[in-house]
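So you know, we letter chains A, B, ... as the sequences are listed, proteins then strands, and number each from 1. Quantities reported herein were computed from a predicted structural model and do not represent experimental measurements.
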Number of protein chains: 2
Amino acid sequence: MQASTTENKNHLILTGDRPTGPLHLGHFVGSLRNRVKYQHQYQQYIMLADAQALTDNMDNPVKVHNNVLEVALDYLAVGIDPAKSTIFIQSQIPELTELTFYYLNLVSVARLERNPTIKQEIVLRNFERDIPAGFLTYPVSQAADITAFKASLVPVGEDQIPMIEQTNEIVRRFNRLVNKDILVECQALVPEIGRLPGIDGKAKMSKSLGNVINLGATPAEIKAAVRNVYTDPLHLKVSDPGHLEGNVAFTYLDAFDQDKEGLQAMKDHYVRGGLGDSVVKARLEGILQDMLAPIRERREEFAKDRGQVLQMLKEGTMRAREVAAKTTDEVKAAIGLKHF
Amino acid sequence: MQASTTENKNHLILTGDRPTGPLHLGHFVGSLRNRVKYQHQYQQYIMLADAQALTDNMDNPVKVHNNVLEVALDYLAVGIDPAKSTIFIQSQIPELTELTFYYLNLVSVARLERNPTIKQEIVLRNFERDIPAGFLTYPVSQAADITAFKASLVPVGEDQIPMIEQTNEIVRRFNRLVNKDILVECQALVPEIGRLPGIDGKAKMSKSLGNVINLGATPAEIKAAVRNVYTDPLHLKVSDPGHLEGNVAFTYLDAFDQDKEGLQAMKDHYVRGGLGDSVVKARLEGILQDMLAPIRERREEFAKDRGQVLQMLKEGTMRAREVAAKTTDEVKAAIGLKHF
């Protein structure tokens with residue numbers, strides 16, 4: 001496996017989050033857990049995308065500011081190791097805005113308006129005709145982030161694949177323009193495990209829907225959340241046969257229960273009838289409490305010295321900036337923007 | 001007048017050119033001449049807008065690159081004094097792209113599409129549906145340039161007034177958002193003398209129309225250009241009465257002839273009849289040769305040491321960058337983008 005590890009280390013991953021709130025179980029399943037693995041396999045850059053978060057939070061910059069540190073604490077709490085992963089703050093790397101600026105000349109307005117992800121998000125946010133220009137153009141900013149680090153792998157959900165396509169279009173257009181392979185095309189890295197539903201059974205766990213379990217949740221919060229987890233509305237009496245489809249308690253158990261045999265036995269019993277929701281939820285709660293306790297404790301430990309966390313972010317940002325500055329320098333030189 | 005001079009020095013002018021070709025008589029009349037005056041009255045920043053030039057010249061970045069120095073030579077040749085005016089290269093100040101990036105969140109796409117100047121220029125360039133995003137958003141980049149220096153006066157033609165309005169909208173929106181007067185509104189400074197027509201009589205002297213007299217034109221080029229200056233197509237014989245309207249020879253004389261009485265006598269004679277175009281053109285040629293000779297000589301002198309011109313640009317750019325960085329710092333701090 002040595003050869004393959006070496007090969008992997010040639011891959012660079014760019015990933016990250018918009019710091020608009022604390023991270024939750026959905027992030028854990030969809031990305032954080034993978035990052036803890038990836039940091040051993042690849043070069044990994046993790047971006048606190050505060051500049052991007054402002055594209056739809058310009059009315060509340062304080063929220064974005066404060067969540068930069070909160071999300072960094074979540075990273076450390078789940079085991080992302082700043083010695084292995086480079087964690088950085090997007091807004092502190094001006095080169096990313098320079099690349100965005102020049103890439104804007106390589107994309108037409110019509111092309112941006114056709115982006116299916118953007119189209120969806122415009123509807124979601126009720127922007128209609130008042131789309132902020134920064135929002136319409138944020139795929140270009142993403143292309144800047146990805147290419148600045150010459151990332152070859154970008155972990156994204158299925159719905160974000162158009163963003164990767166947009167990035168690669170810019171890469172090809174730029175390289176063709178300057179007749180030199182300066183920028184690198186990237187591949188989407190779609191996680192095997194899909195999205196975790198909210199505790200209410202809605203497709204997406206989302207802070208704004210209030211259906212989340214935060215990574216830093218207290219034991220009491222975990223208990224209360226599990227109590228509210230959506231199960232089977234037809235399962236009224238213990239003796240009734242239960243259904244597994246859409247039953248969030250079992251979806252979560254599928255995601256987190258390591259005892260697959262025990263879980264299967266429980267499922268069989270539930271479907272047969274004679275197993276109450278409270279037993280299923282007790283099992284789920286136990287697993288979540290056990291899983292989240294060390295995360296919460298590490299989080300509290302790191303939170304005691306916020307200065308140290310900031311220092312870690314500063315060092316990561318400096319390292320990341322060096323890489324981004326090198327690419328930006330190449331890009332600017334190739335389009336005649338070097339004079340001194 | 002001391003008081004008024006002091007007051008003026010509180011005004012800061014931002015002006016500049018897209019370096020896409022050598023400057024010509026049209027620039028001289030419309031802006032360069034004024035800048036030579038302004039530099040004694042105001043703080044003046046003159047921007048070589050290479051980054052902006054790329055918004056519609058991305059296919060020919062070498063042209064933009066090479067013209068940065070050519071235009072700088074034109075500035076020095078007409079008497080812009082780098083000890084009095086700060087001349088700088090836009091692309092060398094990354095802070096301008098940072099401001100652009102954040103201001104994009106303050107302007108809707110619909111608002112940009114309504115900008116009359118942009119609308120006109122889109123038609124002019126045959127962009128139709130393929131408008132590069134960088135072109136649609138360049139008024140935001142202009143707002144970044146103007147506000148980075150907290151410029152209070154911006155010399156523009158009538159047709160550019162919508163750009164100033166767009167800038168001031170961003171200024172007001174930003175200051176309201178952060179509840180603090182960080183950015184400064186600016187005023188358009190519209191020159192008294194309007195636009196100089198091309199030698200062919202077309203409304204605008206423009207390199208792409210091939211109807212210009214460059215500031216660095218040789219005596220032979222000036223002679224040839226004057227020979228081709230559009231006069232009165234009805235003035236076929238010397239004895240015919242001539243017309244002044246639309247007669248470019250007289251328009252140029254109006255702009256450059258200091259001997260107003262002599263010029264008036266010549267006009268009267270021309271209108272009466274009996275005065276050949278060649279006599280009018282000889283007068284015009286003499287004036288242009290006299291006016292352009294010292295400019296050309298100074299240009300040639302400065303062109304001998306391009307390293308020194310680059311050094312001047314470097315120093316101006318460093319000075320300008322300090323100012324822009326200070327504003328950017330204030331802007332970023334106000335929207336929560338300061339962490340270290």
Does a sphere of radius 6.0 Å around [atom1] in [X] hold more than 12 heavy atoms from other residues, nucleotides or ligands, not counting ones at 6.0 Å or beyond?
{"X": "A:K180", "atom1": "NZ", "answer": "no"}
{"X": "B:Q311", "atom1": "CD", "answer": "yes"}
{"X": "B:E322", "atom1": "CD", "answer": "no"}
{"X": "B:K326", "atom1": "NZ", "answer": "no"}
{"X": "A:N179", "atom1": "CG", "answer": "no"}

Chain A contact via [X] - which portion, at a heavy-atom distance below 4.5 Å:
{"X": "B:I335", "result": "both"}
{"X": "B:K338", "result": "backbone"}
{"X": "B:L313", "result": "both"}

Among [options], which has the most heavy-atom pairs under 4.5 Å with chain B?
{"options": "A:S141, A:A334, A:A51", "value": "A:A51"}
{"options": "A:L54, A:T100, A:L310", "value": "A:L54"}
{"options": "A:V62, A:V68, A:V178, A:L69", "value": "A:V68"}

> Is it the backbone or the side chain of A:T137 that comes under 4.5 Å from a heavy atom of chain B, or both, or neither?
Replying inline: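 Looking at A:T137, just its side chain touches chain B.
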>> Rounded to the nearest 0.5 Å, what separates atom CE in B:M58 from atom CG in A:L177?
In response: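 Atom-to-atom, B:M58:CE and A:L177:CG are 5.5 Å apart.
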>> Rounded at 0.5 Å granularity, tell me how far CZ in B:F101 sits from CG in A:L99.
In response: 11.0 Å
>> Can you confirm whether B:Y102 sits close enough to A:S91 that some side-chain heavy atom of one is under 4.5 Å from a side-chain heavy atom of the other?
In response: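 SC-SC contact between B:Y102 and A:S91 confirmed.
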>> With a 4.5 Å cut-off on side-chain heavy atoms, are A:H339 and B:T317 touching?
In response: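 No, too far: nothing below the 4.5 Å cut-off.
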Shortest non-hydrogen contact between [X] and [Y], atoms and distance:
{"X": "B:F340", "Y": "A:I89", "answer": "CZ-CD1, 3.7 Å"}
{"X": "B:N105", "Y": "A:G134", "answer": "OD1-CA, 3.4 Å"}
{"X": "A:H65", "Y": "B:G336", "answer": "ND1-O, 2.7 Å"}

> Within the distance-only criterion (no hydrogens, no angle test), does the side chain of A:Q92 pair as donor or acceptor with the backbone N or O of B:L337 below 3.5 angstrom?
Replying inline: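 Checked: pair present.
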